[in-house]
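Protein chains get the first letters and strands the later ones, always in sequence-line order, with residue 1 at the start of each. Note that these values count all heavy atoms, side chains included, but never hydrogens, waters or copies made by symmetry.
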There are 2 protein chains.
Amino acid sequence: MAEQAETLRRTPLSRDRILRAAVALADGAGIESLSMRNLAQDLGVVPMALYKHVANKDELLEGMIDLVVGEIDPPTPDTDWKHGVRQRILSARQVLQRHPWAPLAIESRNMATPAILSYLDSMIGTFRAGGFSVDLAHHVMHAMGSRILGFSQELFDASRRAGRSGTTNPDPPTALPPEIAARFPHVAEIAMAASHDDTSVLGQGCDDQFEFEFAMDLLLNGIERLQQQGWTSSPGRRETSAASHDA
Amino acid sequence: MAEQAETLRRTPLSRDRILRAAVALADGAGIESLSMRNLAQDLGVVPMALYKHVANKDELLEGMIDLVVGEIDPPTPDTDWKHGVRQRILSARQVLQRHPWAPLAIESRNMATPAILSYLDSMIGTFRAGGFSVDLAHHVMHAMGSRILGFSQELFDASRRAGRSGTTNPDPPTALPPEIAARFPHVAEIAMAASHDDTSVLGQGCDDQFEFEFAMDLLLNGIERLQQQGWTSSPGRRETSAASHDA
DNA sequence: AATATAGGTGTACGCCGTACACCTGTCAAG
DNA sequence: CTTGACAGGTGTACGGCGTACACCTATATT
């Protein structure tokens with residue numbers, strides 16, 4: 001009877017249950033805590049049990065990525081390509097912000113997962129439906145790069161670390177240590193300006209969302225201009241980029 | 001005398017020698033082969049000997065990154081900002097192509113190394129000298145993102161793998177397997193067009209260098225336009241991106 | 001000649017992914 | 001009702017990892 005109770009107490013393992021637990025573990029404790037052993041423990045099971053449902057850790061990661069990418073909103077029908085793409089990317093961004101480990105996990109694997117391929121495919125579809133040539137759609141996808149997936153890796157990030165460890169971000173502005181400010185005056189200047197973000201006249205400090213949209217719109221506007229002027233890949237001057245290297 | 005010979009035969013360890021050997025190992029055998037044990041073996045030394053010169057593996061990585069970033073050409077004096085930035089970035093790209101493990105290594109650490117900071121600082125300096133406001137320079141740096149360091153991570157990459165393993169890239173065009181082409185028609189369409197790269201009229205296929213410059217120039221041209229029209233951060237409509245979300 | 005110090009060595013610990021043999025409960029066929 | 005296959009959880013073990021810590025040994029200094 002104790003045995004029956006125990007048997008009933010935990011739902012039997014399944015690939016889906018494993019993937020969800022893995023995502024939760026990575027979200028909560030950071031990707032570096034995601035080991036087969038830790039994951040098994042969270043599921044009340046012995047490590048090798050997982051291998052009855054996933055081939056190996058790499059396949060586990062792949063499944064996790066697909067789960068996450070599947071959270072991105074489907075395309076909005078009946079909008080022009082620009083707003084359609086914009087909304088989709090912002091949705092992707094929201095999703096990947098819930099799973100801070102995902103950008104690195106995605107970047108570090110060498111082949112796209114099915115869910116990513118499907119996402120990319122539908123975005124290309126949006127461009128094509130908006131009148132883009134195959135070529136322009138191709139180059140545009142490259143140009144948007146990882147921003148298409150809602151992330152632009154920041155070089156000095158500080159957020160991508162572990163999951164909730166008590167307080168979320170209790171750092172005071174942390175003006176850079178003076179010896180660093182001296183060595184890198186321009187970096188310091190920007191950091192200084194950005195830390196005056198008491199909604200001063202010139203800015204929202206270093207507001208991630210703002211920076212993201214700034215770059216995305218810069219690209220989208222440039223793309224729109226190319227498309228409106230009927231861009232084709234100007235076979236004549238192939239050594240220079242076709243994005244109207246104007247000067 | 002055998003002892004003397006042995007003592008003389010190998011230069012004594014040094015931080016620099018270790019870092020260079022580590023870079024060589026990562027270049028040649030892939031970053032996943034870079035273990036303290038392998039590295040020590042390459043140097044004819046016992047693993048723990050390394051720890052007399054580097055604190056731990058993380059610091060080793062940091063040193064490797066700084067070594068690599070130090071290979072980037074210094075800024076060209078007496079050019080306008082646009083060409084100055086362009087050249088510097090193309091130099092960075094060349095460097096990082098020699099060290100395919102570096103982009104991921106850079107992205108996966110959470111704090112910038114001194115050499116990276118110094119590189120970023122001098123690039124901000126170029127923008128400032130070109131008449132950019134602190135704010136605009138700030139946003140522009142974010143917008144360029146990792147392209148500033150010469151890489152834009154490709155989602156389906158295939159190159160970032162191991163180092164030279166005999167033949168470099170003997171793959172025939174590898175038209176995607178038909179069941180994938182069926183599921184992702186737009187991806188297939190692009191892949192199809194790109195594989196007709198027998199210098200057909202519309203393109204150089206999927207030429208990495210072309211894609212990189214295309215995106216870079218798209219950004220640089222958009223930035224130039226912002227700067228010429230005296231961009232300021234339009235405090236009025238803060239919920240929308242300042243990169244003239246025009247429509 | 002005595003001693004401090006820098007730098008290479010050897011052993012050992014705890015973590016990791018996972019191969020492989022094993023057990024056990026369920027369910028279909030005889 | 002028995003039997004046997006099979007799906008799925010278990011236990012043990014192996015090789016690799018980063019690295020703590022005690023040790024040895026040349027060289028340099030007093």
Flag, side chain of A/D73 to backbone of A/S91, donor-acceptor distance under 3.5 Å: no

Can you find a side-chain donor-acceptor pair between A/E71 and A/H99 that sits under 3.5 Å? yes

For the student: nearest non-hydrogen atoms of A/P114 and A/E62, plus distance: CD-OE2, 3.9 Å

Between B/K52 and B/K57, which is nearer to the 5' end of DNA chain D once each is assigned its nearest nucleotide? B/K57

Whole angstrom is fine here: how far is it from CD1 in A/I18 over to P in C/dT18? 13 Å

From the candidates D/dT19, C/dG8, C/dG17, the one with an atom nearest any side-chain atom of B/P47 is D/dT19

Would you kindly give the CG-to-C1' distance between A/N38 and C/dG14, to the nearest whole Å? 13 Å

Which whole-number value in Å describes the distance from A/Q41 CD to D/dG9 P? 17 Å

Atom CE of B/M48 and atom C1' of C/dA12 are separated, to the nearest Å, by 11 Å

Short side-chain donor-acceptor distance under 3.5 Å, A/T113 and A/D66: yes

Which sits closer to the 5' end of DNA chain D, A/H53 or A/R37, going by the nucleotide each is nearest to? A/H53

Return the value, rounded to whole Å, for the distance between atom OH of A/Y51 and atom P of C/dC16. 11 Å

Judged by each residue's nearest nucleotide on DNA chain C, which is more toward the 5′ side, B/S14 or A/L34? B/S14

Length of the line joining B/L39:CG and D/dC17:C1', which is rounded to integer Å: 14 Å

Spacing between B/M36 atom CE and C/dT9 atom C1', to the nearest angstrom: 15 Å

Taken to the nearest whole Å, CG/B/L50 to P/C/dG8 is 9 Å

